[in-house]
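Notes follow the structure.
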2 protein chains.
Amino acid sequence: MSEKDRNTEEKIIQAAEKVFIERGMDGARMQQIADEAGINKALLHYYYRSKAKLFAIVFKTAFKTFMPNLLGAFKGDDDFFTKLRNFINTYLGIIEKNPHIPSFVLHEISHESDRLIMMLNELNINIDFIFEQVIDEIEKGHIRPIDPKHFFLNVVSLCIFPVVAKPMVLGILFKGDEKAYHQMMGERKTQVADFIIHSIKI
Amino acid sequence: MSEKDRNTEEKIIQAAEKVFIERGMDGARMQQIADEAGINKALLHYYYRSKAKLFAIVFKTAFKTFMPNLLGAFKGDDDFFTKLRNFINTYLGIIEKNPHIPSFVLHEISHESDRLIMMLNELNINIDFIFEQVIDEIEKGHIRPIDPKHFFLNVVSLCIFPVVAKPMVLGILFKGDEKAYHQMMGERKTQVADFIIHSIKI
DNA sequence: GTCTATAAGGTGATAGAC
DNA sequence: GTCTATCACCTTATAGAC
């Protein structure tokens, strides 16, 4: 594969990412992707046979970003609360750098539960060990009794929702003030962790 | 307006709601809406001139469902915690009955922040009085110090996210078991309220 | 590998008969 | 009001020259 090829491939993927994430599969246009990449439609099909194939590549990458292997934060011998803070810090950091990924993934996957199940199997995600840690902490009397599934769902909800609903949050909570919104999002790492820990710590 | 008109109009709107909410503006097809309504495309355009106009009607209704006037839960003389529980109960109840509305609204609005701002102005939403109540409760020593905006955002996140991310939650937390997912969602009213109140109550 | 031109099929919207 | 037929346009995808 020549240098030129790699550059063009790269340019196409980057353009495709931008357009697909901005407009979704149905709203995206091959023409716009070509324009964004500085080439023409024919070349797009030369490299990636169809819109569907190109989308699949973009989606897969986005999915891995949305669902990174950050469960590692819960491995190791740290204090449970430390691990929790690490998880939240890492995840909010990723989301901060890729703020449009969550809504893209959630929207596109809402019609295609089959693909989701395949991807989940592929990534071999298993979070049972987190549930076990929660139960362990309850038994040790470190945290109050709480259903581990609700607990985990709460953590993730508090991290992801504010970016998925950015337009609403921006409009209602900040009356359109982008700067205020970003400042609030910056505070979120500590705010979310504090909120959760206050809720569960005995 | 004759009885027949009203029935056809009604049928069209219901069909449009189903298709638009399922596939989004870009993914929806007038043909599918016509089929769903048991009529043909021409009649669709006879009643509602264009796809855009029909979509606007559906979206507006969905938006009002997504953002109902449930701030009323925070008015009145009840205990703050009672009001909070009422808010969560009411909102989760609405979401339970319209589980596809949130992701539809959030997705469609992500490209059209102009329309959003207009709608928000139209609905004249003002939640400052909730922030004041939070500050009041802090000063009275009923709840710990917390930024009211973060607090409110947390409440809403915990309510909405689990339905927006249903496919993910279903796949990861419940390995595809729909029944288990619905049972969990049923527990959510008390779980969310308890989680929040544990976090803020002194 | 990259381009222009064009095919092939779909989609929103309208004309016109009933 | 409701239908069939059709237009005009758009979009993906390919053919073929360079």
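Lettering of chains follows the sequences in order, A, B, ..., and the numbering in each one begins at 1.
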ask   = Considering only side-chain heavy atoms of A:Arg49, which listed nucleotide, C:dT2, D:dC3, D:dT14, is closest?
value = D:dT14
In whole Å, I'd like the distance from the [atom1] atom of [X] to the [atom2] atom of [N].
| X | N | atom1 | atom2 | result |
| --- | --- | --- | --- | --- |
| A:Asp26 | C:dT11 | CG | C1' | 13 Å |
| B:Leu43 | C:dA13 | CG | P | 15 Å |
| B:Tyr47 | C:dA13 | OH | P | 18 Å |
| B:Arg23 | C:dG10 | CZ | C1' | 14 Å |
| A:Ile12 | C:dC3 | CD1 | P | 10 Å |
| A:Lys51 | C:dG9 | NZ | C1' | 14 Å |
| A:Asn40 | C:dA5 | CG | C1' | 11 Å |
| B:Met30 | C:dA13 | CE | P | 6 Å |

message = Counting the benzene-type ring for Trp, do A:Phe74 and A:Phe87 have ring centres under 6.0 Å apart?
response = yes
query = So how far is it from A:Asp26 CG to A:His111 NE2, rounded to the nearest 0.5 Å?
reply = 7.0 Å
inquiry  = If you assign each of B:Ala42 and A:Gln31 to its closest nucleotide in DNA chain D, which residue comes earlier from the 5' end?
reply    = B:Ala42
message = Quick check on side-chain contact (heavy atoms from CB on, under 4.5 Å): which of B:Leu153, B:Ile196, B:Ile88 does B:Leu158 satisfy it with?
response = B:Ile196
Phosphate-side-chain proximity, [X] and [N], N/O vs OP1/OP2 below 4.0 Å:
| X | N | answer |
| --- | --- | --- |
| A:Arg29 | D:dT12 | yes |
| A:Ser50 | D:dT12 | no |
| A:Thr8 | C:dT2 | yes |
| B:His45 | C:dA13 | yes |

ask   = If you look at every strand shown and take non-hydrogen atoms under 4.0 Å, does A:Ala28 touch a base, only sugar-phosphate, or nothing?
value = sugar-phosphate
Nearest-nucleotide 5' precedence on DNA chain C, A:Tyr46 against A:Lys41 = A:Tyr46
task = Kindly determine whether A:Lys179 and A:His182 satisfy side chain to side chain contact (heavy atoms under 4.5 Å, CB included), including the steps that lead there.
result = CA-CA 5 Å; A:Lys179 211 171 157 189; A:His182 280 106; over 6 Å; no
request  = Mind listing the closest non-hydrogen atom pair of B:Ile33 and B:Ala15 along with its distance?
outcome  = O-CB, 3.5 Å
